[in-house]
Structure formats: C-alpha cells, structure tokens
Amino acid sequence: QVQVVESGGGLVQPGGSLRLSCTASGRAFSSSAMAWFRQAPGKERECVASIRWRGGTFVDKSVKGRFTVARDNGKNTIYLQMNNLKPEDTAAYYCAASTGSPILSSLSDASTYNHWGPGTQVTVSS
C-alpha cells in the first residue's frame with residue numbers, strides 16, 4: 001500500500017514563507033514524478049508545481065518567482081518552498097505521485113498522478 005504524506009502547512013502572515021514537504025512510500029514503490037496541487041473553497045483543484053525525475057518541471061504562472069519545487073535526491077520526497085505568500089494562496093495543498101511515464105505537457109494534469117495525500121492547510125492572513 002502506498003502512502004503519501006504532506007507536512008508543513010499552517011498560518012502565516014502576508015509576505016511570509018512556508019516550506020511544505022511530501023514523502024511517498026510503500027513496499028517496492030517507485031515514482032516517476034510528483035506534484036503539488038491546491039484547492040481553495042469554492043474553486044477547482046489546480047496544479048501549483050510539479051517535477052519529473054528524468055527532467056522537467058512545471059510551475060503555475062500565479063506562483064512563478066515565489067514558489068519553488070525541489071526533490072530530495074534519489075528519494076520519493078519533494079518540497080515546495082513558498083515565499084512572499086499572499087492571501088489568495090490560502091488553500092488546502094495536496095501532494096501527488098505518479099508511477100507512470102508522464103510527458104512534460106501532462107505534468108500539470110491531475111490525471112497524471114495515481115497516488116494522493118490527504119492534504120495540508122495553508123492559510124495566509126494577517
């Protein structure tokens with residue numbers, strides 16, 4: 001059984017920073033790409049950033065320059081460094097892992113990922 005676990009969410013003031021972590025694990029589990037999605041109340045889930053092990057990343061234009069996705073070398077672990085947070089970044093953030101062979105253009109598609117974490121809440125408010 002595969003487990004995907006996020007951590008690092010919380011309450012932060014506008015302009016502040018947070019670092020989310022995510023680890024996917026399971027017997028003989030091996031991923032090929034992982035991603036961060038978010039969903040705010042009343043809105044659809046959207047991809048924030050993703051990374052493919054054999055090269056290639058996606059970062060949504062709404063967070064480009066403020067958020068960075070990175071992998072812990074050789075592990076099924078990724079991070080999302082979020083700087084200069086804004087109230088509109090408030091959402092539940094979900095980590096997802098793919099065991100397929102995603103192409104670059106599919107890195108932002110939810111259907112690319114077959115394992116999901118329960119989510120961690122990020123609230124940006126003064």
Side-chain angles (χ1 to χ4, degrees):
Q1 186 174 353
V2 176
Q3 281 192 318
V4 180
V5 180
E6 308 99 336
S7 63
L11 172 65
V12 63
Q13 292 186 341
S17 298
L18 279 176
R19 186 191 195 212
L20 304 183
S21 301
C22 173
T23 296
S25 62
R27 185 172 180 176
F29 176 76
S30 179
S31 61
S32 56
M34 292 180 71
W36 289 100
F37 287 75
R38 68 183 180 186
Q39 187 168 20
K43 294 188 177 181
E44 293 188 356
R45 187 172 297 192
E46 62 178 359
C47 185
V48 176
S50 55
I51 183 167
R52 187 178 66 170
W53 299 166
R54 58 187 173 98
T57 60
F58 166 84
V59 179
D60 188 74
K61 59 181 183 295
S62 65
V63 303
K64 194 163 288 186
R66 300 188 297 122
F67 291 13
T68 303
V69 63
R71 181 192 185 193
D72 193 351
N73 284 343
K75 299 180 182 179
N76 295 311
T77 297
I78 61 169
Y79 306 99
L80 185 67
Q81 178 65 43
M82 305 185 292
N83 297 326
N84 190 21
L85 282 158
K86 303 176 180 181
E88 51 263 42
D89 295 318
T90 295
Y93 282 71
Y94 299 91
C95 178
S98 171
T99 57
S101 299
I103 58 176
L104 280 176
S105 60
S106 71
L107 287 182
S108 61
D109 294 338
S111 61
T112 294
Y113 304 93
N114 48 346
H115 298 285
W116 291 79
T120 185
Q121 180 67 33
V122 172
T123 302
V124 185
S125 175
S126 55

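Both W36 and V12 are members of a single hydrophobic cluster when ILVMFWY side chains are connected at heavy-atom separations under 4.5 Å. The hydrophobic clustering, which links ILVMFWY residues whose side-chain heavy atoms are closer than 4.5 Å, places L20 and V4 apart. If you chain together hydrophobic residues whose side chains sit under 4.5 Å apart, Y93 and L107 never meet in one group. At a threshold of 4.5 Å between side-chain heavy atoms, the hydrophobic network of Ile, Leu, Val, Met, Phe, Trp and Tyr places L104 and Y113 in one connected group.
By the salt bridge (charged side-chain N to carboxylate O under 4.0 Å, His left out) test, K75 is found to be paired with D72, residues two or more places apart in sequence or in another chain being considered.
A donor-acceptor contact under 3.5 angstrom links the side chains of T77 and T23, judged on distance only.
Contact between C22 and M34 at its shortest, heavy atoms only, is SG-CE, 3.6 Å. The two atoms that bring L80 and A49 nearest to each other are CD1-CB, 4.1 Å, heavy atoms only. Among all heavy-atom pairs drawn from V59 and K64, the shortest one is O-CE, 3.4 Å. In terms of heavy-atom proximity, R54 sits nearest to S101 at NH2-O, 4.1 Å. Heavy atoms only, all atoms of each residue included: G8 and L18 are closest at O-CD2, 3.8 Å. When every heavy atom of S31 is checked against every heavy atom of A97, the shortest pair comes out as CB-CB, 4.4 Å.
Side chain of S98 to main chain of A33: no donor-acceptor pair is present (N/O by atom type, distance under 3.5 Å, no hydrogens or angles). A donor-acceptor pair is defined here as one N or O able to donate and one able to accept, closer than 3.5 Å; such a pair exists between the side chain of E6 and the backbone of G119. With hydrogens and angles disregarded, no donor-acceptor distance shorter than 3.5 Å links the side chain of D89 to the backbone of V122.
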Worked verdict on R38 versus V63 for side chain to side chain contact (heavy atoms under 4.5 Å, CB included): CA-CA 12 Å; R38 68 183 180 186; V63 303; 4.0 Å; yes
side-chain hydrogen bond (donor to acceptor under 3.5 Å, both in side chains) assessment of D60 paired with S108: CA-CA 8 Å; D60 188 74; S108 61; over 6 Å; no
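Here the CD1-OG distance, from I78 to S21, works out to 9.5 Å after rounding to the nearest 0.5 Å. Note that CD of Q3 and CG of N76 are 13.0 Å apart. Values are rounded to the nearest 0.5 Å.
Surrounding CD of Q39 are more than 12 heavy atoms belonging to other residues, nucleotides or ligands, all under 6.0 Å away.
For residues 56-81, there are no ring pair (Phe, Tyr, Trp, His ring centres under 6.0 Å) pairs, not counting sequence neighbours.
Side-chain contact check for T90 versus S125: every heavy-atom pair is 4.5 Å or farther apart.
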